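Note sheet for the following structure.
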Protein chains: 2
Amino acid sequence: MKKKEAILKVATVLFANKGFADTSGQELARLTGTAEGTIFYHFKSKEGLLLAILERVRDEILDQFERFFENRPFQSGLEMTEEVVSFYLYLAGLMEDKFLLLHRHALYKFSESNPEFRENLEAIYNCLVDIFEKAIVTGQADGSIHPDIHPRKSALILFTMVDGLVRFKNYNLYDAGALFNELMQTCRRMLQADT
Amino acid sequence: MKKKEAILKVATVLFANKGFADTSGQELARLTGTAEGTIFYHFKSKEGLLLAILERVRDEILDQFERFFENRPFQSGLEMTEEVVSFYLYLAGLMEDKFLLLHRHALYKFSESNPEFRENLEAIYNCLVDIFEKAIVTGQADGSIHPDIHPRKSALILFTMVDGLVRFKNYNLYDAGALFNELMQTCRRMLQADT
DNA sequence: CGGGAAACTGAGTGATTACTCAGTTTTTTA
DNA sequence: TAAAAAACTGAGTAATCACTCAGTTTCCCG
C-alpha cells in the first residue's frame, strides 16, 4: 500500500504541472522508486490513475468546505460570501497542485467519454457554486445582499471570478495576491444591498 | 503557400480542441492532404508550428480590437467598459478555437523556456487589460465610474471574470450565454459611481 | 512456522512519435 | 523555354509510449 500512495502523490504533481500526456509511466516509476508494472497493478490504466486522483481531489475539497462550515457563525450572508471567497483562495494556495490539475484539459476530454470524470468534476463545481448560492440566499434573507441579485447566476459569476484569479496565479500571469483586496471590494459592491 | 495555410488552419483547430501533445504530425498531414514532410518544411518543429499559430492569433485579436475602437463614440467610460466586455464575449464566440487555444497549457509550458511564447501571450493579455484600464480611467474622468476604483487592478478583475466565463462556455460547464445579463449587471454594480 | 494472498518486479512488445532526407514536382525568373 | 528556386513528397529512423506477464518478494493469518 505504500507504493500506491507514492504513485498517487507523485502523479498528482506531475499531471498538474507537466500535463497528463507529457507524463510517462517510466518517469512516474523512476520518481516513485517503483517498477513501471506496479502502476498498472494498482491502476488499470493511465486514465484510471488520473480518475483515482480526481476522486481524491474531490473528496479533499468537499471535506475541506465541510470543515470550514463547522460551527462557524456568520454575521450576515454578505460576510459569509466574503469568507467563502477568502477561504477558496486560501485553499487554492494550500492545494495548489490539485487546483492546477482541475484546470487541465485532460479531465474535460475524458469527461466526454467517461461519465465518471464528469460526475467527479460536477460534484466539485456544484459544491462550490452551491456554497456561493447559499450564501447569497442567506444574505438576501437577512437584508445584507441586494434582492434583485439572481442567486444562482451570481454564484456562477462569483465562481468564475475567483476561479479565474486562481488560474492567473497558477500561471504566474499576474500577481493574484495583490488583487485580493480588490476582489473582496468587487464582491461587496456587486452584491450589497443599497445603503 | 496553399499547404502552409491549410496546415496552420487545421493545426489551430486540432491544437485547440485535442491538445498539442495529442495531435500528431501524421493526423495533421492526413487532414490537410499534405505529406508529413511538408509540415517540417514550413515549420522547423511542432513547437514552431504552435508559435506561428500563436503569432497569428495575437495579430488577429489585436487587429479586431483596433477596428472595434475606430470611430466609435462612447457616451461614458462606464458604457465603454460594458461595450468592451460585450465585444470580448462576442469575439470569443467568433474565434472560439483561438480562445480555446489561449487556455491551453502547452502555451504556458513553452513560455517558460521560449521567450517568444511569453512575449506573444503578454501582448495579447496586456492589450485586453490595457483596454479595460483605459475604459475605467475614462469613466473616472467623466464621473461615470467610482473614483475609489483602482484602474489597473479592477481591469484585471474584470478580465478575470470575462475570461473565466469564456472558459466555462468553451468547456460546456455552464451555459455562459444565460449569464450575459448578470455579468453586465455585475460590471455596472462593481464600477459605477454612487448615485 | 506454513501457505496462500497481495504487492511488486522489470524485461519485453507492438504501436506511435517527431523528425529527416534524398528525390520529385511546381513555380518563378531571366 | 531553360534553369534556378521553392514547394512538396513519403519511406525511413531512432526514440518513446502505454501496457503485459511470468515470475519473485512481502505480508498476513492460522
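Letters go in sequence order (proteins before strands), and every chain restarts at 1. Since the structure is predicted, the reported quantities are computational estimates derived from the model, not experimental observations.
In this structure, NZ of A:K4 is placed 17 Å from C1' of D:dT26, rounded to the nearest angstrom. Rounded to an integer number of Å, the gap from B:E5 CD to D:dA7 P is 13 Å. A:L50 places its CG atom 12 Å from the P atom of D:dC19, with the value rounded to the nearest Å. Rounded to an integer number of Å, the gap from A:L28 CG to D:dC19 C1' is 14 Å.
Other residues, nucleotides and ligands contribute at most 12 non-hydrogen atoms within 6.0 Å of the NZ atom of A:K9.
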side-chain contact (heavy atoms from CB on, under 4.5 Å) between A:R167 and B:D163: does it pass, once the steps are laid out? CA-CA 10 Å; A:R167 203 179 141 260; B:D163 196 60; 3.2 Å; yes
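In this model, the phosphate group of D:dC8 is approached by a side-chain N or O of B:H42 to a distance below 4.0 Å at OP1 or OP2.
Under the 6.0 Å distance and 45° angle rule, A:K134 counts as a cation-pi partner of A:F69. Geometrically, B:K4 does not engage B:Y41 in a cation-pi contact defined by less than 6.0 Å to the ring centre and at most 45° from the axis.
Cluster annotation: A:L91 and A:Y125 are assigned to the same hydrophobic cluster (Ile/Leu/Val/Met/Phe/Trp/Tyr, side-chain heavy-atom contacts under 4.5 Å, transitive).
Between A:H105 and B:Y171, a ring centre-to-centre spacing shorter than 6.0 Å is recorded.
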Determine, for nucleotides 9-20 of chain C in 5'-to-3' order, which nucleotides have protein heavy atoms under 4.0 Å from the base (write B), from only the sugar-phosphate (write S), or from neither (write -). BB------SBBB
